[in-house]
Structure formats: C-alpha cells, structure tokens
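In what follows, a single structure is set out as structure tokens and then discussed.
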Amino acid sequence: MRDGKAEAAALLSWYDSHARVMPWRVGPAERAAGIRPDPYRVWLSEVMLQQTTVAAVRDYFRRFTGRWPDVGALAAAADAEVMAEWAGLGYYARARNLLKCARVVAGDLGGDFPDTPDGLRALPGIGPYTAAAIAAIAFDRPATVVDGNVERVVARLDRVEAPMPGSKPELARLAARLTPEARPGDFAQAMMDLGATICTPRNPACALCPLEGFCKARGAGVQGDLPRKSAKPPKPTRRGYTYVARRDDGAWLLEERPARGLLGGMLGWPGSDWAEAPDPAPPAEAEWRPAGEVRHTFTHFHLILTVLAARLPADATPRRGTLVPGPKFSPGALPTVMRKAHDAARALVEN
DNA sequence: AAACCGTGGAC
DNA sequence: TGTCCAAGGTT
C-alpha cells in the first residue's frame, strides 16, 4: 500500500500554478503568505456549490455577499428575502437550512463558525462533505474532502472497478490515504480543481495531469470508464394545471408553497397537484384562458404544466393565494418552473 | 437506507 | 431530443 505522499506533492505543485480563481477563494500564494479565507464566505460558497456548478454559483454568491456581508447580517434577514434571492439556484432546502445555520452561528455561537468537522457537521445543511470542506479550507484542519470530483479522481488513480454508490466508502478510504498533513485546504481545493478541469467525467485530459504517472486506470487505458455507476431508473412524467391571475389594479395572485417538499418555502402560482392525471383546481372564479404548456424536468420526474391565465376584477375574492401588488412582484423571485409559467401567461394578463 | 430534492450546460 | 452531470444533505 502506498501512502500517497508523492501524489499529494505532485498535486499541490500543480495547484500552485493552476489553481482556479474564484470570488470566495484565497489562492495558494496568498495562503502561503498567511492569509486565511473568511469562514462565512467559505460556508456560503460550499452550500451554494452542493450539486451546483461554479458557473451557476458565481452571481448568486456575489449578490448574497453584497447584500449580507457577514453571518450576522444574513441571520437578521427576512426568510422571504433570502428565498427570493436564492430563487433559480435550486435545491431550496439549502436556503432554508442556510438561514437556520446562520441564526445558530450568530445567535448561539457568537458569530463564529466551529473549526472542526464534528462541530460543523452538527449545523443545519452541513453534511460530511461540507463539514470537511469548511474545516480544511477555512481553518486548515487536516480533513479529507470527498465530493464527486474526489471520488472520480481516486476511482481512476486506484482503478476501482466496483460501481457507485456501493464503492463510496472504499473511495473515501482511498481519498483519506492521499490527504497530506500539510496544506489540507489547498489539497482539498486542488483535488476538486483537478477533477473539474483535467480528470473530467468524459474525455479526461490525461496528458496534462500531474498524476498521470500514478494513475492505474490510465495505465490500463480504462480511465474513461471509471467510476462506474449503476443505472438510474427512468423518470416518470407528471402533469398539472397552474393559474396565473392578475387583478385589474396590477396585483398578481401568488401562493407561498409549504415549507417542506418540492420547492418548499418558495413563491409560486396556485395550481393543481402534480400527478399522472390531476384535476383542475382554479383558485378563483374567472374566465381562464389557455396560455400554453410549460415543460420542466425535476430531479426525479418530468412535468408538463398546463398554464391558464385570467384577469380578475377589482372586487374578486380568490379561494386561494395572496394578491401581491404589481410593484412588489418580481419574476426573479420565483423558482424556474414558476417563472416559465409567468413567461407563458404574461402576454395574456398584461395591462 | 432508499427516496427525495432543481437547474442549466455539455454532448 | 434525451441523458448525464455538478464542491450533497435530509429523512
């Protein structure tokens, strides 16, 4: 069994000249000079990056830190403001847990994030990956970070042929063996940069890889086939009706979704259940006009939404929803599927 | 522990 | 077009 020291040294050397630049990151040169990243920014970026690409996160990170520059400011924010700012980024439980976590840190921990994986792991929305990432990156603790990039890199390095997710514990062990005692924060980010730019899922750029000489999969020519993954079940298609209504004074009929479940806590248009054969469920008496169909794919099903639009008289009394004044409504505060419905209905309800 | 939970880009 | 995938966590 190797101890991984040579691999770690080669990777860190590569990172010193190839580290990606990101708004939340302290680069290897600054870090060598003793500069540490702000734990608040590391935490915020790590939560945003859960199952989400760097490209998608950049602007959200800038807006959040511009508006809430520290954990105290975020903790004091109104729930609806945070959910609206998160709209479009997906996995909305992250935003709800983000606020819970900020309030624990600001309220119970004096504004300081824990600096150990166990302490971090106890906070809402922080699991094994994020706890290790914050401990390593923000506090330079020797924690092993295991995300999809790391799993792919070590699966190839050690030619692990067993399929995911069953092989995850084995891949985590292999990753831990690679982690050096020095520069754990840089090492964690180096592994992720390598996975994102060189050791990519398809067509890895092995000729540019600092670990090529160590890589068992490369040696056998099977790097493109690893890590293997068990087949995913097909996505069923569900249907639904959604109702975009605007009162004559310009107010929109909206509804806050239940706090848990799909799009939990987000603003949306009232509508039917999403099922194989849903019943229509108009939220008010009105002349509903067809505004087309919206197609959208969620994590585990396809959705075909029939959009109905109507104008409501000034004295209308809807059965459901809340009338939001026109100037207070922004489609940007809606999750994407609801914004699509707004786009489809807009022309029919404009003033 | 298997299911649930978003979105956009690449191919 | 459809499928895969991305710095996963919670229940």
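On a predicted model such as this, the values are computed, not experimentally measured, just so you know. Scope of the values below: all heavy atoms of this structure, side chains included, with no hydrogens, waters or symmetry mates. To find a chain, count down the sequence lines: A is the first, B the second, and so on, and within it residues start at 1.
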Touch class at under 4.0 angstrom, heavy-atom based, for [X] against every strand present:
X      : result
A:V47  : nothing
A:G264 : nothing
A:L89  : base
A:S45  : nothing
A:R25  : base
A:M22  : base

Taking [atom1] from [X] and [atom2] from [N], how many angstroms apart are they, rounded to a whole number?
X      : N     : atom1 : atom2 : value
A:Y60  : C:dA6 : OH    : C1'   : 15 Å
A:K232 : C:dT3 : NZ    : P     : 11 Å
A:Y91  : C:dA6 : OH    : P     : 12 Å
A:N149 : C:dA6 : CG    : P     : 7 Å
A:L262 : B:dC4 : CG    : P     : 11 Å
A:M192 : C:dA7 : CE    : C1'   : 5 Å
A:L49  : C:dA7 : CG    : P     : 9 Å
A:K235 : B:dC5 : NZ    : P     : 12 Å

Can you check whether [X] has a side-chain N or O nearer than 4.0 Å to OP1 or OP2 of [N]?
X      : N     : answer
A:T53  : B:dT7 : no
A:R339 : B:dG8 : yes
A:H296 : B:dG6 : no
A:T52  : B:dG8 : no
A:R94  : C:dA6 : no
A:Q51  : C:dA6 : no
A:R152 : C:dA6 : yes
A:Y92  : B:dT7 : yes

Which nucleotide in the list [options] gets nearest to the side chain of [X]?
X      : options              : result
A:P201 : C:dC5, B:dG6, C:dT10 : C:dC5
A:H300 : B:dG6, B:dC5, C:dA7  : B:dC5
A:W24  : C:dG9, C:dA7, B:dT7  : C:dA7
A:T336 : C:dA7, B:dT7, C:dG9  : B:dT7
A:K229 : C:dG8, C:dA7, C:dC5  : C:dC5

- prompt: Is any side-chain N or O of A:T299 under 3.5 Å from a base N or O of B:dG6, one able to act as donor and the other as acceptor?
  reply: yes
task: Look at the side chain of A:Y129 and the base of C:dG8, then say whether one donor and one acceptor between them are separated by less than 3.5 Å.
output: no
[X] bridged to [Y] by N-O distance under 4.0 Å:
X      : Y      : answer
A:R63  : A:E85  : yes
A:R289 : A:E287 : no
A:D343 : A:K340 : no
A:E161 : A:R159 : yes

Contacts of type salt bridge (Lys or Arg N to Asp or Glu O under 4.0 Å), residue A:D186, not counting sequence neighbours: A:R31, A:R183
task: List for me each residue that meets salt bridge (Lys or Arg N to Asp or Glu O under 4.0 Å) alongside A:R103, sequence neighbours excluded, and say none if there are none.
output: A:D79
- prompt: If you find the nucleotide of DNA chain B closest to A:R202 and the one closest to A:G261, which residue's nucleotide is nearer the 5' end?
  reply: A:G261
- prompt: Do you see a donor-acceptor pair shorter than 3.5 Å between the side chains of A:N97 and A:R94?
  reply: no
- request: Rounded to whole angstrom, note down the P distance from C:dA7 over to B:dA3.
  value: 24 Å
